Amino acid sequence: MSPVLAGVLQLLALIAALALAYRPLGDYMARVYSSKKHLRAEKWIYKAIGADPDSEMRWTAYLRGLLAFSAAGVLFLYLLQRLQGALPGSLGFKSIDPDQAFNTAASFVANTNWQSYSGEQAMGHVVQTAGLAVQNFVSAAVGIAVAVALVRGFAPSRTGELGNFWADLVRGVVRVLLPISVLGALVLVACGVLQNFSGIHEVGQFLGGTQQWNGGAIATQEVIKLLGTNGGGYFNANSAHPFENPTPFSNLFEIFLILVIPFALTRTFGRMVGSIRQGYAILATMATIWLGFTALMMWTEFHHGGPAFDLAGGAMEGKETRFGIGGSSIFAVATTLTSTGAVNSFHSSYTGFGGGIQMLGMQLGEIAPGGVGSGLYGMLVMAIIAVFIAGLMVGRTPEYLGKKIGTREIKLAACYILVTPALVLGFTAVSMALSTPKDSMLNSGAHGFSEILYAYTSGANNNGSAFGGLSADTDWFNTTIGLAMLLGRFLPMVFVLALAGSLAEQTPVPKTAGTLRTEKPLFTGLLAGTIMIITGLTYFPALALGPLAEGLAS
Amino acid sequence: MSTHTKRQEMDRPDADRPGAGRTATATRAPHQDLPGGHRQGDEGKVGAGLFDPAQLLKSLPDAFRKLDPRVMVKSPVMFVVLIGSVVTTVLAVKDPGDWFGWAITVWLWLTTLFANLAEAVAEGRGKAQADTLRKAKTDTVARRLTGGAEENVPGTELRVGDLVVCEAGDIIPGDGDVVEGVASVDESAITGESAPVIRESGGDRSAVTGGTKVLSDRIVIKITTKPGETFIDRMINLVEGAARQKTPNEIALNILLASLTLVFLLAVVTLKPFAIYAGADDQTSLIVLAALLVCLIPTTIGALLSAIGIAGMDRLVQRNVLAMSGRAVEAAGDVSTLLLDKTGTITLGNRQAAEFVPVRGTTEAEVADAAQLSSLADETPEGRSIVVLAKERYGLRERHQGELTGAEWVEFTAQTRMSGVDVDGRKVRKGATGSVIAWVEERGGEVAKDARELTDAISQAGGTPLLVALEDADGARVLGVIHLKDVVKEGMRERFDELRRMGIKTVMITGDNPLTAKAIADEAGVDDFLAEATPEDKMALIKREQAGGKLVAMTGDGTNDAPALAQADVGVAMNTGTSAAKEAGNMVDLDSNPTKLIEIVEIGKQLLITRGALTTFSIANDVAKYFAIIPAMFAVAYPSLDKLNIMALSSPESAILSAVIFNALIIVALVPLALKGVRYRPMSADRMLRRNLGVYGLGGLVAPFIGIKVIDVLLSLIPGIG
């Protein structure tokens, strides 16, 4: 079988699996977030944290809860790392330096999982399992909670209420992420992913010398790393490491885990706003962009010219032979179009265009299908912008799902789309203008520029994947990327919740023949076009000087 | 003839919309005091708007005046262009030998100027109108009544509640209501209609407007508005744009444009350190970056946005509708329920004879003959319609009263409710059922049993029955029944179908009983009706619709309509109506034509569509500009980027200059579209979106590729550039 055919078949298998999971998972999540009942375990948690899960919150209260919870998370994770040296079960690793501890704390709470450390050489069992893995669950649940709150804003009520943050958070963990993680971890272990608490082993190397290997609760962390679109690997090599991702099948399963919740949330959205077809329209937009990017990636990686490439059947540098170009390309697109950032190959080694596709995927705001929750709310904000422009073209004050898009809504949506470009381009520009940050680049020319552009793109968009080729463990990068991650995560959430609050206060406008039909293919096309033009054009000059210059040269 | 009339005639060549004037020409409004249908013929279409290139020249001084930064800052997009122009000017002055710097500078200034020009042209059209109005507002002397005595005071000193006297030849000194007397008034100063109208105390025709002229008789007027706030003052402010405030939707769009400007500002500012690193420092001078920025930010829509708004109001003024706020015009586009008065809007306003039905033993022709004979002395519209029907349907020549010698005519009066004639020993009568039955029974005649059945059937079908009776040698008897019907205006059904496709529900309001109302509603094809409607019912209906999130539009003229007019999202008061109604509504129709509501909705939609279309066009344009400017800036540093020069532009300078020139010229090219508005036809939202996306989205993507290439080819002909 040719590698191209293998890649296409893997893609088809993936699509089939996602399609199978779409309806049951989407409907299940809709029930979870609409249900009035609490599980016993949940009641214990509410009692422990002193929350009343039945009280309805307005957007300000919802936001307060979210920010307080996340701030506590950052602080806890920071202290845990700083005290690692004194904690038991740390495999003898030292405490983490302040700048790196801040960066890592920000990174995991912001669902980014940018790692400026090497997992197996810095973090012990306690930090990995009690700190990082816990944040993998809760930061993902926070993302879904915000998306659900925004969806409730579209509901045909006029209460201004968005649900209860604590209930959404706890349900996300207990009823959605945990059960799937248990099942997923079993599958991964069956595939050969490690799951133990063993110490460090000195292993003899093939060409002489020794190498340190350590085990750990890898499978359980691996599953939530992908399912929660977190991406922080147990090992530095992330999903390229055979202990994390041993076989082509585990690879495909990991991609499935990355995409399953973000896609299914469109079904949840459709259910909760009372129109499955509205959910399909959003799904279609996400799927179109995702498939387009995957096709382009496979094309550029397979068709890369030159004698060495021809021999290898494409651009194999930096890719694992057990995944091949197909399995690597599908993974790379899935991880950059969601906020995952797990990698199974070296992104820096992709072709010029390949690197560009990865960066553009993140720069679109990670909305196709995007991070758990964040993908849906990001896409809905873009839908509001698209509806505004298109709505004018049908001669009515624009409305989406019966809610009018007025001054306040546009103001908030505009703020939302301003945040990440400001962070990405701003920090990249300052880094390029200063002299020291450039010392971290391991390449010169366009590729060197791509390394820094990628780092901030990944941080501000909460992706967390690294291009590689950048020594990011410096005071400058730890601090600025840490800030980019926090601001890139929580500022948009502020705007989204404010938007949800504003929508929730509106009486819906009844649908007539004069209403823009947002469940039609025409709208899907328009939405995709708006995303590509408005977000894509922002980064065009920067991309031209990095991946485009590189890609067009070959 | 006033300027209004002239303007209308000038607009006439634009009347290209099929079915133009379908609504407006069909009939006159019920208010017969406003004759002069000559202005009506070419209306009823949306999209009219005169654009004369000479206006550009005339508005040039205004365009320069608007360069004032305090004015420019109101449009964030154009303000950025202004700053860019100033920066490049400074740079060009510092390096006077750099032709490229000067060229960019000149074109950036032109971009700014073109934007101002667009606004100035839009405003200029209103100014001409305001000047005419001002002439009408000459200083008047009021004859104020104080304690029965008259005193002369300047019109500006009148207070609300003052009583003033006006006689033939006087200019009415202020807005008010006639409290005594009847007069004919020349209102051409505001309506453009030269024929006088009747104003009388009491009822719905009591309002008079300051600045209009009394032609006959004497009236006493109670002043209802303060000087300076009169209708004519407000009109001047409105058409001049002085009172223009940004509408909610315009503000929202401005925010979106401002944020796009910020995004692109970010993209351009951060480009400098990237370029220095890439080794393209020289190719990304401040001048080039300013040019790139101006090309990327949505200047096309930014430049035309306020012109679109002003032109929208102006299109209403051309149709003799005054919108008291831009908000109302926007709301008109959103309306989902139209309340339409039956009389005058849906029906012709008069009942007309539709058929003659004989009772058993009589023929139709006999009834027709008797009906015609008995109606010759009936000058009411109903009476005339009987004569006309007899002539058209039964070929009965109209006889004149003088032809029949010895005939004794019985004229129709409101008391007898009958008319007829006594001739050759025959007495013919026609009239209201009760009256005719009484007449027959008085004469010992018998009323045929089926006569009652026939009248009942007609009543139930929503018509009005009249009886025809004859007394001759055979005694008195009923011959038959005349069926009077409310006649629905031609083309109304199609019009309502169109509205339904646009998603607008029509509700007919009538004082008729439910049976009659239903019959007419079915015939006209309205979606719903409100029968035996009282002002309270109307109000309740509006509130009910609004509670469901719908926007409601209605027309009204009476004082008792005022609360409903105020409650409706779009309340169009008839100019013939009372001052209370005019105060309460947010629009006034100077023609007092209720059908115009439909046009107002279309104009509101057209306003929004024009904004959306030009925004889409403006954003889509960016793609081509990138392909022109990015390779021009970076092909030296990274030769591979020359592959992006897909337009094969001749040189980097020419590429950048071509993009800037295209960006400036497209504004001028689109001024006519901004002023006229995008062509609008009622269709479903889906079809409309597909069409506009195709024209303005795809068009916006493709047009600049062609435009920039053409400009580049022309530029390369200039020695020293290509």
Side-chain angles (χ1 to χ4, degrees), chain A residues 385 388-398 402 405-407 409-411 413-415 417-418 421-422 425-426 428-430 432-433 438 445-446 448-449 507-510 512-517 520 522-523 526 529 533-534 537-542 544-545 548-554, chain B residues 248-249 251-253 255-256 259-260 262-264 266-271 273-278 296 330 333-334 336 500-504 548-550 604-606 608-609 611-613 615-616 619-620 622-623 626 630 634 638 640-641 643-644 680 684-686 688-690 692-693 696-697:
Chain A
I385 304 262
F388 183 77
I389 298 171
L392 286 179
M393 276 196 287
V394 301
R396 279 170 74 99
T397 299
I405 310 302
T407 312
E409 289 75 23
I410 274 295
K411 208 180 277 176
C415 286
I417 58 170
L418 269 174
L425 294 173
T428 310
V430 175
M432 296 310 290
K438 277 183 285 192
F449 173 68
T507 317
V509 182
T512 70
T515 310
L516 175 72
R517 304 286 294 275
K520 291 285 185 89
L522 185 64
F523 180 74
L526 177 81
I533 288 193
I534 289 191
L537 288 189
T538 311
Y539 294 99
F540 191 82
L545 290 177
L548 266 184
E550 209 183 330
L552 288 170
S554 50
Chain B
N249 178 266
I251 294 171
L253 184 53
I255 290 170
L256 183 69
S259 69
L260 287 179
L262 263 179
V263 165
F264 286 120
L266 210 66
V268 171
V269 168
T270 55
L271 197 54
F274 303 169
I276 295 173
Y277 168 79
L296 293 183
E330 254 171 31
D334 284 352
S336 40
R500 200 168 300 118
R501 279 197 297 278
M502 287 157 62
I504 295 171
K550 290 181 176 166
K605 283 192 179 296
Q606 193 193 29
L608 294 182
I609 294 172
R611 274 188 204 144
T615 305
T616 310
I619 296 172
D622 277 3
V623 176
Y626 266 132
I630 294 289
F634 299 126
Y638 296 118
S640 60
L641 287 180
K643 289 180 191 162
L644 290 179
Y680 174 76
S684 74
D686 266 356
M688 193 138 48
L689 181 62
R690 189 165 303 126
N692 289 332
L693 262 185
Y696 299 98

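Remember, it's a predicted structure, so these values are computed and weren't measured experimentally. Residue numbers begin at 1 in each chain, while the letters A, B, ... track the order of the sequences.
Of the two parts of B:Leu253, the backbone and the side chain both hold a non-hydrogen atom closer than 4.5 Å to a non-hydrogen atom of chain A. Looking at B:Lys550, both its backbone and its side chain come within 4.5 Å of chain A, counting heavy atoms on both sides. Heavy atoms closer than 4.5 Å to chain A are found in both the backbone and the side chain of B:Leu689. Of the atoms belonging to B:Arg501, it is backbone heavy atoms, and not side-chain ones, that fall under 4.5 Å from chain A. With a 4.5 Å cut-off on non-hydrogen atoms, B:Phe634 touches chain A through its side chain but not through its backbone.
The two residues B:Met688 and A:Met393 make their nearest non-hydrogen contact at CG-O, 3.7 Å. The two atoms that bring A:Gly445 and B:Tyr277 nearest to each other are O-OH, 2.8 Å, heavy atoms only.
Taking OG1 from B:Thr616 and CG from A:Leu526, the interatomic distance works out to 7.5 Å, rounded to the nearest 0.5 Å. Distance NZ/B:Lys605 to OG1/A:Thr397: 9.0 Å, rounded to 0.5 Å. Distance check, rounded to the nearest 0.5 Å: OH of B:Tyr638 to CG of A:Leu548 gives 11.5 Å. In this structure, CG on B:Leu256 lies 6.5 Å from CD1 on A:Ile417, to the nearest 0.5 angstrom. Atoms NZ and CD1, from A:Lys411 and B:Ile251 in turn, are 8.5 Å apart once rounded to the nearest 0.5 Å. A distance of 7.5 Å separates OG1 of B:Thr615 from CZ of A:Phe388, quoted to the nearest 0.5 Å.
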Tell me, with the steps shown, if A:Leu522 and B:Arg690 meet side chain to side chain contact (heavy atoms under 4.5 Å, CB included).
CA-CA 7 Å; A:Leu522 185 64; B:Arg690 189 165 303 126; 4.1 Å; yes

Between A:Leu552 and B:Leu644, does the side chain to side chain contact (heavy atoms under 4.5 Å, CB included) criterion hold? Intermediate values first, please.
CA-CA 9 Å; A:Leu552 288 170; B:Leu644 290 179; 3.9 Å; yes

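Using a 4.5 Å heavy-atom cutoff, the side chains of B:Ile255 and A:Thr407 are in contact. Within the 4.5 Å cutoff, the side chain of A:Thr512 has no heavy atoms near those of the B:Ile504 side chain.
The residue among A:Thr515, A:Leu537, A:Ile385, A:Thr538 with the most heavy atom pairs within less than 4.5 Å of chain B is A:Leu537. Per-residue counts of heavy-atom pairs under 4.5 Å with chain B were compared for A:Ala446, A:Ala413, A:Pro508; the largest is that of A:Ala446.
In this structure B:Ser640 satisfies the side chain to side chain donor-acceptor pair (under 3.5 Å) test with no other residue, sequence neighbours excluded.
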